[in-house]
J.: 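Below is a structure I'd like to ask you about.
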Amino acid sequence: MPDRTKFVLDEKDMPTSWYNIIPDLPGELAPPLHPATDEPLGPEALAPLFAMELIKQEMSPERFIEIPEEVQAVYKTYRPSPLNRALQLERDLGLPPGVKIFYKYEGVSPAGSHKPNTAIPQAFYNKQEGIKRIATETGAGQWGSAMSIACALYDMECAVYMVGISYDQKPYRRILMESYGAEVISSPSTRTNAGKHVLEMDPNSLGSLGIAISEAVEDAATRDDTHYCLGSVLNHVCLHQTIIGEEAILQMEMADAEPDVVVACVGGGSNFAGISFPYYKRRADGKSSARLLAVEPKACPTLTAGEYRYDLGDEAGLTPKMMMYTLGHDFVPAGIHAGGLRYHGDSPLVSLLAKEGAIEAVAVHQNACFDAAVQFARAEGILPAPESSHAIRAAIDEALAAREAGEDRTILFGLSGHGHFDLAAYEAYNTGKLEDYDFAAGSMCEGA
Ligand SMILES: *Cc1c(COP(=O)(O)O)cnc(C)c1O
């Protein structure tokens, strides 16, 4: 019988609850602290910014949290997402029959990434609590487009503070957000005190994610009808993404295969959490022995070169301090094309698992990632997001290592999104203009 490539899960078999890893963590989860006083933050401190249900989920001891039916209904417009075996890639790599590569593809969502998996429930819970408008920030626009479509679906307004340089240089995601009905504001702006302050100091400021966060938080904090939403890092965001791994487990069962290693890229940690946390649970249940491998850029190697300590979530110091692996909240990574992986910190949940040795991490250079991305595209037809190409690089390296060692290995990786809005990055790669950066000085890497 020829090998199958697609493992299609019927929508009636889609999981109906998210997996919350908090009760199963291997160590104590340190609480977030107030940025000025260093006191542990209670739910009341977050209430002006977040829906109560999301604050509850942030600290919930419940192992499974039901996905509201209204959210399941929207999920079903693009889920279950595909799980494919990369048969043509396996052939191109010359892998022996015992080395297999599978991938779970999140690029089928409206925004083209995993981010709507959390944008949709975040919009839903806010709508339910009477909120009429969401303020958020975006770098290149991936999170902003996810939040824009989610707000459109629940008939809410959406204000997106977009990092100024991306607003000017990357118009297509802005146009997508505006087409979904969002208001996109170039940050720094004169809308907020934070923005005005930056502009007074530097009228030509290009903006940064830290400044955009400050503006969105100030917007939400100063209006009763508005809340703030975040697209990664927080526990409730990781929770919502676990639908990815829950589906993957069912689809791998259809494939009659168990992964030996589960791979995903890490920016703030949410898509990695999404695919790997359900496998962490499966391991605890004795049904899996999968290694869980997080992949990050050499230019921003938080888990592999950062320190495990309390740090601020943003440059300005408006967000709580979190216990996590960090390169320092004032660290500005080199301008690699995987914009979604240029975050100085990491999810506290993913950080704790790394600290306790429950997951592994590796850092890779962007040219090597684009080599893998193009090899994957030519075999499987999907042009990956530059972020996702990190997972592909590591998955291919796992396969080649198994071949060299003469071992069998089943590899599952998360393909977090497509790269249709990232063609300028591919142009740079195709014309040999892509540079590799190392962490230390943010400087160019020798020989690469
Ligand atoms: C935002 C993004 C990431 C990085 O964010 P995580 O929270 O680490 O998942 C990775 N891939 C894609 C396609 C993204 O849009």
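If you read the sequence from its start, that first residue is 1, and numbering goes on from there. Keep in mind that what you see is a predicted model, and the values were worked out from it rather than measured. Counting starts at 1 for both ligands and their atoms, in listed order.
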J.: With respect to Gly231, determine whether any N or O atom, backbone or side chain, lies less than 3.5 Å from an N or O atom of ligand 1.
T.: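 Among all N and O atoms of Gly231, none is under 3.5 Å from an N or O of ligand 1.
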J.: Less than 4.5 Å apart, side chain to side chain, heavy atoms only: is that true for Glu137 and Glu215?
T.: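 Not in contact.
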J.: Could you tell me the residue and atom name of the protein heavy atom closest to atom 11 (N) of ligand 1, and the distance to it rounded to 0.1 Å?
T.: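 Nearest neighbour among protein heavy atoms for atom 11 (N) of ligand 1, to 0.1 Å: Ser416 OG, 2.7 Å.
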J.: Among all protein heavy atoms in this structure, tell me which lies nearest to atom 7 (O) of ligand 1, with the distance rounded to 0.1 Å.
T.: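 Residue, atom and distance for the closest contact: Ser232 OG, 2.5 Å.
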J.: Only heavy atoms of Gly417, strictly under 4.0 Å: list the atoms of ligand 1 that pass.
T.: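 The atoms of ligand 1 under 4.0 Å from a heavy atom of Gly417 are 13 (C).
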J.: Can you name the nearest heavy-atom pair linking Ala30 to Tyr310, along with the distance?
T.: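 So the two residues come closest at CB-OH, 3.4 Å.
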J.: N/O to N/O below 3.5 Å, does that happen between Gly269 and ligand 1?
T.: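 Yes, Gly269 has an N/O under 3.5 Å of an N/O on ligand 1.
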J.: Using the rule given for side-chain hydrogen bond (donor to acceptor under 3.5 Å, both in side chains), can you reason through Ser145 versus Arg173, listing the C-alpha separation, both sets of side-chain angles and the distance that settles it, and then say yes or no?
T.: CA-CA 7 Å; Ser145 19; Arg173 284 236 174 234; 2.8 Å; yes
J.: May I ask you to identify, for Asn271, whether its side chain, its backbone, both or neither come under 4.0 Å of ligand 1 on a heavy-atom basis?
T.: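 For Asn271, the contact with ligand 1 is made by both the backbone and the side chain.
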J.: Taking all heavy atoms of Glu296 and all of Leu303, pick out the closest pair and write down the distance.
T.: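 Where Glu296 meets Leu303 most closely, the heavy atoms are OE1-N, 2.8 Å.
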J.: Heavy-atom distances under 4.0 Å are what count here, so tell me which part of Ser270 touches ligand 1: side chain, backbone, both or neither.
T.: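 Near ligand 1, Ser270 shows its backbone as well as its side chain.
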J.: Determine the minimum heavy-atom distance between Leu353 and Pro26, stating which atoms define it.
T.: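 Closest pair (atom of Leu353, atom of Pro26, distance): CD2-CD, 3.5 Å.
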J.: Determine whether Glu387 and Ser416 satisfy the following criterion, side-chain hydrogen bond (donor to acceptor under 3.5 Å, both in side chains), listing intermediate values before the conclusion.
T.: CA-CA 8 Å; Glu387 291 83 359; Ser416 53; over 6 Å; no
J.: Please say whether the positively charged group of Arg174, taken as NZ for Lys or CZ for Arg, lies over the ring of Tyr167, i.e. under 6.0 angstrom from the six-membered ring centre and within 45 degrees of the axis.
T.: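 The answer is yes, since Arg174 meets both limits relative to Tyr167.
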J.: For ligand 1, note which part of Gln241 has a heavy atom under 4.0 Å away: side chain, backbone, both or neither.
T.: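 The answer is neither; Gln241 stays 4.0 Å or more away.
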J.: Looking only at side-chain N and O atoms, does His240 offer a donor or acceptor that is under 3.5 Å from a partner on Gln57?
T.: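 Short answer, yes.
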J.: Does any N or O of ligand 1 fall below 3.5 Å from an N or O anywhere on Cys265, backbone included?
T.: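 Between Cys265 and ligand 1, no N or O pair is found under 3.5 Å apart.
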J.: Considering only protein heavy atoms, which is closest to atom 8 (O) of ligand 1, and at what distance to one decimal place?
T.: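 Result: Gly267 N, 2.6 Å.
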J.: I need the atoms of ligand 1 closer than 4.0 Å to a non-hydrogen atom of Val266, numbered in the order shown.
T.: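 Contacts of ligand 1 toward Val266, numbered from 1: 8 (O).
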J.: Tell me the protein heavy atom at minimum distance from atom 4 (C) of ligand 1, and give that distance in Å.
T.: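 Checked against all protein heavy atoms, atom 4 (C) of ligand 1 sits closest to Gly340 O, 3.4 Å.
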J.: How close do Glu246 and Pro278 get, counting heavy atoms only, and between which atoms?
T.: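 For Glu246 and Pro278, the tightest heavy-atom pair comes out as N-CG, 3.6 Å.
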J.: Just going by heavy-atom distances, which of Glu387, Glu296, Lys115 is nearest to atom 1 (C) of ligand 1?
T.: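 Answer by nearest heavy atom: Lys115.
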J.: Any N or O on Ser388 sitting closer than 3.5 Å to an N or O of ligand 1?
T.: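 No; every N/O pair is 3.5 Å or more apart.
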J.: Using a strict cut-off of 4.0 Å, indicate which atoms of ligand 1 neighbour a heavy atom of Gln142.
T.: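 Counting atoms of ligand 1 from 1, those under 4.0 Å from Gln142 are 1 (C), 13 (C), 14 (C), 15 (O).
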J.: Can the ring centres of Tyr103 and Phe413 be said to be less than 6.0 Å apart?
T.: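 Yes, close enough.
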J.: Could you tell me whether ligand 1 has any atom less than 4.0 Å away from a heavy atom of His418?
T.: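 Per 4.0 Å heavy-atom rule, His418 does not contact ligand 1.
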